[in-house]
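For reference, the structure is listed below as structure tokens.
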2 protein chains.
Amino acid sequence: MPRRKNQSRYVLLGLLDMRPMSGYDIKKILEFSFSDIWSESYGNIYPTLKAFLKDGLAEEKRVHQEGKPDRIVYSITPKGKKELTAWLKKPYEKRRVRDEFLMKLLFGYSLSREDNARLMESYLTLLRERVIWYRESTEALEKQGITDQKDLLEYLALLQGKMVQEAKIRWCEKSISMLREFGQ
Amino acid sequence: MPRRKNQSRYVLLGLLDMRPMSGYDIKKILEFSFSDIWSESYGNIYPTLKAFLKDGLAEEKRVHQEGKPDRIVYSITPKGKKELTAWLKKPYEKRRVRDEFLMKLLFGYSLSREDNARLMESYLTLLRERVIWYRESTEALEKQGITDQKDLLEYLALLQGKMVQEAKIRWCEKSISMLREFGQ
DNA sequence: AATTTTATATATCAATTTGATACATACCTA
DNA sequence: TAGGTATGTATCAAATTGATATATAAAATT
């Protein structure tokens, strides 16, 4: 009976440790705040939350709302917190990586240089949109003031996003001009 | 009967389009040259290659070797090339992202600042090792000379790796000093 | 000289995870 | 009034992983 890993489990525990949440909240916070860090599907979220109940890692509370469907809000238990801490202490392990954009770029040698340059321009547009969000978020936190380590870590995570996006933007700009120069 | 996506299929076709390869070759080239871009498991590679035969997207050739097990080398067919090109022309779609390091960092607010700083130092060590490989690879290509678009695209992919790693290193250095300053 | 580790190679499969969809309520807008 | 969007929970086939099994031979270690 080999033990398999389940990363989703720990990430969901970590989110519940931040504050009690419903499955829908989890999906939304991942899409909005952590969209470049972690993704998770409903097909994974809801069964995992059910499993937390069974294993005593979280508790549920049905919350009635006016004009909206009921929410099932999950809170982490001491047992859940213990399992989360054990995971946090384990060293970082590299896992799967999949960058569709770079793979397509590498395989695109049969296309024209101008086609590739235009492909990169559409990617650059996405990067520029995204970096605005990072700049606004980091600036907001700076102005608001970083009072505890939770704030500091959130700030650092945003900062990485900003710095990586900016590096990719510089790379895109350089690449586009190289593709067009090379065409001459 | 809804149509599902299968990214692996296209990436394996793209690799076979570069040159004929065995399943083992594919695993190795991904681990060595594309380790920050794409990962794929044997459990996915071998069944996909078999499926290519069935669908006429690739052909197999058994190659006997002295002192090593036989290899099964797959080559892309015109039909496979056509399917690959169709994929390459489809616009980039963002898919799953999972950065375990950043998630653990965000959840680590119960640990001490020094614990977090040390966690980042171990990550920084990995980044510094990796960036050396990127610097060597890009310099080697620069010296060798970029003669066709295939070279140029490979160079650009390496350049992104280098620039992103360097941005992460700068971020790590800044973060470590902020964590230690904040501790005062 | 015998043993262990490492590299080459294909293969399988339970567990994990995704992507798509279903269902229900309510608001907005064209 | 029909369509789109947001809030919510739920399911499941298909995609993908992580671990392991099997086999041969070179290289390193005891």
Side-chain angles (χ1 to χ4, degrees), chain A residues 1-12 20-32 35 38-53 58 60-74 87 90 93-100 103, chain B residues 1-13 20-32 35 38-53 55 58 60-74 87 90 93-100 103:
Chain A
M1 254 152 295
R3 284 278 355 96
R4 319 281 168 153
K5 305 301 174 60
N6 184 334
Q7 288 192 97
S8 303
R9 207 177 161 84
Y10 301 111
V11 168
L12 294 207
M21 286 186 217
S22 69
Y24 189 77
D25 291 338
I26 288 172
K27 181 74 174 160
K28 289 302 145 192
I29 200 177
L30 287 176
E31 281 173 1
F32 183 74
S35 71
W38 203 266
S39 46
E40 205 70 70
S41 63
Y42 283 129
N44 214 354
I45 293 170
Y46 285 108
T48 302
L49 291 174
K50 292 286 179 203
F52 285 167
L53 294 182
E60 71 176 349
K61 202 202 247 171
R62 191 157 214 115
V63 178
H64 183 68
Q65 301 183 106
E66 286 305 321
K68 288 180 195 172
D70 285 3
R71 294 153 46 81
I72 304 178
V73 177
Y74 293 82
W87 176 69
K90 279 196 284 183
E93 276 176 79
K94 203 190 156 188
R95 288 177 193 273
R96 63 150 176 254
V97 194
R98 295 193 148 193
D99 187 330
E100 194 187 276
M103 281 319 258
Chain B
M1 256 150 295
R3 285 282 347 102
R4 318 281 168 154
K5 304 301 173 60
N6 184 333
Q7 289 192 94
S8 302
R9 206 177 162 83
Y10 301 111
V11 167
L12 293 207
L13 278 179
M21 285 187 219
S22 68
Y24 189 76
D25 292 338
I26 288 172
K27 181 73 173 163
K28 290 303 144 190
I29 200 177
L30 286 176
E31 281 173 1
F32 184 74
S35 70
W38 203 267
S39 46
E40 204 70 71
S41 64
Y42 282 129
N44 213 355
I45 294 170
Y46 285 108
T48 301
L49 290 174
K50 292 285 179 205
F52 285 167
L53 294 182
D55 299 342
E60 72 177 347
K61 202 202 247 172
R62 191 157 215 116
V63 178
H64 184 67
Q65 300 182 107
E66 286 305 319
K68 287 179 195 172
D70 285 4
R71 312 170 63 223
I72 304 176
V73 176
Y74 293 81
W87 177 68
K90 279 195 284 182
E93 276 176 79
K94 202 189 157 189
R95 286 177 194 272
R96 64 149 174 255
V97 194
R98 294 193 149 193
D99 186 331
E100 194 187 275
M103 281 319 258

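A, B, ... follow the sequence lines: proteins, then strands. Residue 1 opens every chain. Since the model is a prediction, treat every value here as computed from it, not as a measurement.
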Practice task
Return the nearest nucleotide to the side chain of B:P69; candidates are D:dA10, C:dT17, C:dT8.
Solution key: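 That would be C:dT8.
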
Problem - Residue whose closest nucleotide on DNA chain C lies nearer the 5' end, B:Y74 versus A:N44 - result: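 In this pair, the answer is B:Y74.
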
Problem - Lys/Arg-Asp/Glu bridge criterion (N-O < 4.0 Å) met for A:E40, B:R96 - result: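 Not counted as a salt bridge, because no side-chain N and carboxylate O are separated by less than 4.0 Å.
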
Handout entry: SB check B:D70 B:K61 (cutoff 4.0 Å)
Key =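 Between B:K61 and B:D70 there is no salt bridge, as every charged N stays at least 4.0 Å from the carboxylate O atoms.
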
Check every strand shown and say whether [X] touches a base, only sugar-phosphate, or nothing at a heavy-atom separation below 4.0 Å.
| X | answer |
| --- | --- |
| B:G23 | sugar-phosphate |
| B:R9 | nothing |
| A:K50 | sugar-phosphate |
| A:R98 | sugar-phosphate |

Exercise for the section: Drop me the distance from A:R98's CZ to A:M103's CE, to the nearest 0.5 angstrom. Expected result: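 One gets 9.5 Å once the value is rounded to the nearest 0.5 Å.
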
Figure out the [atom1]/[atom2] separation between [X] and [N], and round it to whole Å.
| X | N | atom1 | atom2 | result |
| --- | --- | --- | --- | --- |
| A:K27 | C:dA20 | NZ | C1' | 11 Å |
| B:I45 | C:dT10 | CD1 | C1' | 11 Å |
| B:Y46 | C:dA9 | OH | P | 9 Å |
| A:R95 | C:dT18 | CZ | P | 13 Å |
| A:Q7 | C:dT17 | CD | P | 6 Å |
| A:I72 | C:dA24 | CD1 | C1' | 14 Å |
| A:D25 | D:dT7 | CG | P | 10 Å |
| A:R96 | C:dA15 | CZ | P | 18 Å |

So, is [X] near the phosphate of [N], with a side-chain N or O under 4.0 Å from OP1 or OP2?
| X | N | value |
| --- | --- | --- |
| B:S22 | C:dT10 | yes |
| A:N6 | C:dT17 | yes |
| A:Y24 | D:dT7 | yes |

Handout entry: Cation-pi check, A:K50 onto A:Y74 ring (under 6.0 Å, within 45° of axis)
Key =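 Not satisfied by the 6.0 Å and 45° rule.
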
Practice task
Report the residue from B:L12, B:I29, B:L49, B:I72 that forms a side chain to side chain contact (heavy atoms under 4.5 Å, CB included) with B:M21.
Solution key: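 When B:L12, B:I29, B:L49, B:I72 are each tested with B:M21, the side chain to side chain contact (heavy atoms under 4.5 Å, CB included) holds only for B:I29.
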
Problem - Of B:S41 and A:K28, the one whose closest DNA chain D nucleotide lies more 5' - result: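 Between the two, 5'-proximity favours A:K28.
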
